[in-house]
Structure formats: C-alpha cells, structure tokens
2 protein chains.
Amino acid sequence: MVTGQRGRPRSFDRDAALDKAMTAFWERGYEATSISDLTASIGIGAPSLYAAFGDKRKLFDEVVVVYGSRYGEFAGVALAEEPTARAAVERILREAAEIYTDPAHPPGCMVISAAINTTSEEVAQALRERRNANLELFERRIRADVATGALPADTDARALARYTGAVLQGMSQQSRDGATREELEAVAERALLAWP
Amino acid sequence: MVTGQRGRPRSFDRDAALDKAMTAFWERGYEATSISDLTASIGIGAPSLYAAFGDKRKLFDEVVVVYGSRYGEFAGVALAEEPTARAAVERILREAAEIYTDPAHPPGCMVISAAINTTSEEVAQALRERRNANLELFERRIRADVATGALPADTDARALARYTGAVLQGMSQQSRDGATREELEAVAERALLAWP
DNA sequence: CGAAATCGATAGCGGTCGCTACAGAAAGGG
DNA sequence: CCCTTTCTGTAGCGACCGCTATCGATTTCG
C-alpha cells in the first residue's frame with residue numbers, strides 16, 4: 001500500500017485539461033467563462049472538474065501559474081539576459097508583437113485582459129498584482145542602467161517603466177481588436193523612439 | 001387630446017437615470033452590470049427601467065451615445081481644432097491623463113473597457129467599431145499633415161495612428177489599475193517623444 | 001475472489017440572470 | 001364624477017450560474 005493511488009484512475013489528462021481551460025479563460029476572461037464552457041471544451045463532467053481542481057477560482061489560479069511559466073516570462077527573461085534595459089525592452093516589445101498575435105492561442109495577454117470587468121475583486125486583484133510586479137521589474141532594471149550610466153542620470157525610471165507597460169497593454173488590446181503582427185511590430189518600433 | 005401625454009407621469013428623471021446607468025456600466029462593464037445593479041443605483045423598479053429604455057442592450061446603446069457626446073469627443077475636437085496632428089495628439093494625450101483619472105467619474109475610457117470579456121458579441125463589436133473609427137480619425141489627420149509637409153513624407157500614417165491609439169488604451173488601463181493623473185501625464189509626455 | 005478506494009454520469013440544489021404579467025396608483029379628457 | 005391612459009410595485013417566469021449528493025463503474029490491495 002506504500003505505492004501509488006488506489007481506486008479508479010482519472011480518465012483524462014490533467015495537464016491537457018489545464019491547457020484547454022487556459023485557452024477558454026484566455027479567450028473569454030474569467031467571469032464570462034462558465035463551468036459548462038470549461039467542461040464542454042475539456043470534455044469531462046462537472047464533478048470530475050471539481051474533483052481535479054477544487055473550484056473555478058482554484059482552477060483559474062492554476063491556469064495563471066501555467067500561463068505565467070509558459071507565456072508570461074518572456075519579459076523577465078529579456079530583462080535578465082539583455083545587456084541593457086533598452087535592449088531588453090526592444091526585445092520585449094518585438095516578442096510581444098509576435099506572441100500577442102500567435103494564431104496558436106488566443107490574442108493578447110491573459111494577465112492583462114482576463115480579469116477586466118469581473119465581479120470577483122479577488123481575481124481582479126491577483127492579476128493586477130502580477131501586472132504591477134512586472135512594472136516594478138521594468139523599473140528596477142531601468143534604475144540599474146541609470147546607476148551604471150547606460151541611461152541618462154535624469155531618467156524618471158518609474159515613468160519610463162509605466163510608459164513601457166502602457167504600450168504593452170495597448171498592444172495587447174490592439175491584438176484583441178484584430179491588429180496583425182506586422183502592425184504591432186510597427187507600434188513597437190514607434191514606441192522605442194520614445195526611449196532614451 | 002391634441003396636447004401632451006396622458007396617464008400617470010414618469011416619477012424619475014430619464015436623463016438622470018441614464019447618467020446613473022452610465023456610471024454603473026463605466027465602472028463594471030456591460031455584462032457584469034446586472035439589471036438589479038442598474039435599478040438599485042437608479043432607484044426605480046425593473047418594469048420602469050424596461051418601459052423607459054426597452055431592454056439592457058438598448059439602455060447601453062443610449063449610454064454609449066451620451067458617453068460619446070460628453071467624454072468621447074475630446075479627441076475629435078482636438079484633431080479638428082489644433083493646427084497640426086502633432087499638436088492635436090499632444091493635447092489629446094494630456095487631456096486623456098486628466099479625464100481618465102477625474103474623480104468625478106469612474107477611471108479610464110468606457111468605450112475601451114466596458115465590452116471586454118463580454119459574451120454578447122454585438123456589444124463588443126459596437127465598441128470595437130467606435131475604437132477603430134477613432135483610429136481612422138487619427139490616421140486621416142496624420143495623412144493630411146503628411147500632404148501639407150507638416151509631417152515627414154515617409155511617415156507611416158497607419159502605424160503612427162495605431163501607436164497613438166495603443167498608448168491611449170494603455171493609459172486607460174493604467175488608470176483603472178490605479179495610476180494617478182501625474183503618472184499618466186508622464187506617460188503622455190514620454191509617448192510624445194516617439195512622434196516625429 | 002472479495003473489500004476498499006476513487007472515478008464518472010445523472011440529476012438537481014439554491015441563487016441570480018434578464019425580463020414580464022398583473023394589479024393598483026396617478027394623471028388627463030369627457 | 002367616471003373612463004382611459006400610463007406608470008409603479010409585487011411577484012415570479014424560464015434559463016443559466018457555480019457547485020454537489022448520489023450511485024454505479026472501474027481500479028488496486030489483501
């Protein structure tokens with residue numbers, strides 16, 4: 001009895017189900033995605049979903065973690081890998097144009113859009129914190145470049161970070177309004193002209 | 001019987017009710033605002049609301065018209081009044097920072113945020129068209145300036161218009177995430193550096 | 001082989017959604 | 001005055017929401 005689980009084994013792939021759920025939440029947002037939407041697109045009954053994931057909220061939390069590790073880390077990676085904040089943001093904006101319009105998944109950034117207009121303040125707060133954490137990541141990297149002289153000494157790090165975040169959020173919105181990758185790349189190029 | 005209406009007069013101010021409804025939709029979006037939310041914040045019963053406005057969708061349509069004439073025209077006005085597209089966008093971004101954070105009403109732009117994550121594709125489409133119409137307004141004004149030489153001949157009008165729209169959408173989002181007027185003004189200032 | 005454990009499907013819980021039937025209240029017309 | 005017209009309040013419709021009790025099916029352990 002030391003070994004694995006007893007009883008009837010689960011008849012579906014939990015990770016694949018998480019993936020389907022992510023697509024649904026990404027497409028329609030947290031609140032507009034109903035349990036029947038989820039069970040239908042995963043292909044299981046409601047009790048199986050609750051047994052595997054707890055409830056809608058916990059499922060969404062898991063989805064956010066998976067999303068973060070798969071699509072949300074490109075900014076942090078670029079900030080860590082590129083030699084300057086400028087180079088990192090250049091890469092981030094270009095990659096965002098690509099990722100936000102990748103036909104392999106819904107358009108835009110799930111963290112930006114999924115909790116807009118939700119009545120669950122907890123869910124909204126959770127994603128808002130993720131966005132603000134990203135802003136702080138930008139700000140710290142910029143501040144570091146100011147310290148080394150890679151950026152002008154009078155640079156307003158907080159404002160520059162917020163500007164970059166606003167452009168990213170705008171690009172996410174534009175992709176959901178139908179902008180193509182090329183159009184978003186042009187936006188990115190233009191946005192970079194405002195960088196020192 | 002030629003003269004005015006017969007029967008019991010309406011016991012509430014229709015325009016004031018529209019205003020309350022606008023605030024509610026602006027704050028929570030189209031779908032997350034329920035009929036009970038609306039009747040509660042207006043202070044009337046459901047049948048009165050339906051008698052006065054038809055249904056939720058028609059009420060929202062009226063709200064969008066009122067919103068457009070009161071808060072949505074500042075961009076068009078600036079584009080028409082200012083001598084150049086550059087000056088107009090400068091004014092638009094600064095005014096957006098002010099309007100999006102005005103404590104007299106909910107933050108951000110209702111046309112940008114109210115129909116995100118809604119299951120009603122019609123409502124989403126209606127606001128999307130308003131946003132795209134604004135983009136075209138920008139593009140036309142930019143094209144005119146390119147024709148007169150006020151902007152460089154090689155300016156990509158469409159890309160510049162989309163960049164400006166993305167910044168505005170990003171600013172709207174940031175205001176809903178808690179950004180202050182001063183912070184948005186700094187974003188606007190920075191964004192203008194990308195303009196030719 | 002049972003026995004114990006876990007899963008899945010049916011069916012349905014209480015609650016809220018957008019919306020409305022109905023009856024009484026409040027106005028003008030004769 | 002009574003009659004017609006229009007509005008308001010109560011009360012509730014069918015549909016869907018998130019979620020779960022129940023029970024037969026399917027698996028491992030002894």
Side-chain angles (χ1 to χ4, degrees), chain A residues 1-18 20-21 24-25 27-63 114-115 117-124 126, chain B residues 1-18 20-21 24-25 27-63 114-115 117-124 126:
Chain A
M1 64 65 148
V2 167
T3 54
Q5 69 283 8
R6 322 214 327 191
R8 180 175 172 179
R10 182 180 289 127
S11 69
F12 60 94
D13 183 333
R14 197 176 184 279
D15 289 339
L18 257 180
K20 298 274 183 64
F25 281 130
E27 197 129 46
R28 298 186 276 278
Y30 175 73
E31 192 136 327
T33 304
S34 70
I35 298 291
S36 358
D37 286 337
L38 293 166
T39 56
S41 66
I42 295 175
I44 59 176
S48 300
L49 186 149
Y50 281 89
F53 300 106
D55 60 10
K56 185 183 180 182
R57 172 74 202 286
K58 291 201 190 82
L59 169 56
F60 183 71
D61 287 345
E62 279 203 54
V63 161
N117 294 332
T118 187
T119 54
S120 162
E121 189 49 46
E122 293 176 358
V123 173
Chain B
M1 64 67 142
V2 167
T3 54
Q5 69 285 6
R6 324 214 324 192
R8 178 176 174 177
R10 182 179 289 126
S11 68
F12 61 95
D13 183 333
R14 196 177 184 280
D15 288 341
L18 257 181
K20 298 274 183 64
F25 280 130
E27 197 128 46
R28 298 185 277 278
Y30 174 74
E31 193 136 330
T33 303
S34 69
I35 297 291
S36 359
D37 286 338
L38 293 166
T39 56
S41 66
I42 295 175
I44 59 177
S48 300
L49 186 149
Y50 281 88
F53 300 106
D55 60 10
K56 185 183 178 182
R57 171 74 201 287
K58 292 201 188 79
L59 169 57
F60 184 71
D61 287 345
E62 279 202 55
V63 161
N117 293 333
T118 187
T119 54
S120 161
E121 189 49 46
E122 293 175 358
V123 172

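All figures in this text were calculated on a predicted structure; none of them were measured in a lab. We name chains A, B, ... by the order of the sequence lines, and we start the count at 1 in each one.
Interatomic distance, OG1 of B:Thr119 versus OH of B:Tyr30, reported as 8.5 Å (0.5 Å rounding). Between atom CZ of residue B:Arg28 and atom OG of residue B:Ser34 there is a gap of 7.5 Å, rounded to the nearest 0.5 Å. Between atom CZ of residue A:Phe12 and atom NZ of residue A:Lys20 there is a gap of 11.0 Å, rounded to the nearest 0.5 Å. Of the inter-residue distances, the one linking A:Arg14 atom CZ with A:Glu62 atom CD reads 4.0 Å to the nearest 0.5 angstrom. Note that the CG atom of B:Leu18 and the CG atom of B:Leu59 stand 6.5 Å from one another [nearest 0.5 Å].
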Could you go over nucleotides 17-23 of chain C and give all protein N or O partners under 3.5 Å, atom names and distances?
residue : atom : partner : partner atom : Å
C:dC17  : OP1  : B:Ser34 : OG           : 3.3
C:dC17  : OP2  : B:Ser36 : OG           : 3.1
C:dG18  : OP1  : B:Lys56 : NZ           : 2.8
C:dG18  : OP2  : B:Ile35 : N            : 2.7
C:dC19  : OP2  : B:Tyr50 : OH           : 2.9
C:dC19  : OP2  : B:Lys56 : N            : 3.1
C:dC19  : O5'  : B:Tyr50 : OH           : 3.2

Which atom pairs link the protein and nucleotides 5-7 of chain D when you take only N or O atoms and keep those under 3.5 Å?
residue : atom : partner : partner atom : Å
D:dT6   : O2   : B:Arg8  : N            : 3.2
D:dC7   : O4'  : B:Arg8  : O            : 3.1
D:dC7   : O2   : B:Arg8  : NH1          : 3.3

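In this structure, CG of B:Leu49 is placed 14 Å from C1' of D:dG9, rounded to the nearest angstrom. Counting to the nearest Å, the P atom of D:dC17 and the CZ atom of A:Arg28 are 11 Å from each other. One atom, CG of A:Leu38, and another, C1' of D:dC19, lie 13 Å apart when rounded to the nearest Å.
A distance-only check finds no donor-acceptor pair linking the side chain of B:Asp61 to the backbone of B:Lys58 [under 3.5 Å].
With sequence neighbours excluded, no residue satisfies salt bridge (Lys or Arg N to Asp or Glu O under 4.0 Å) with A:Arg8.
A:Ala21 and A:Val63 get closest at one heavy-atom pair: CB-CG2, 4.0 Å.
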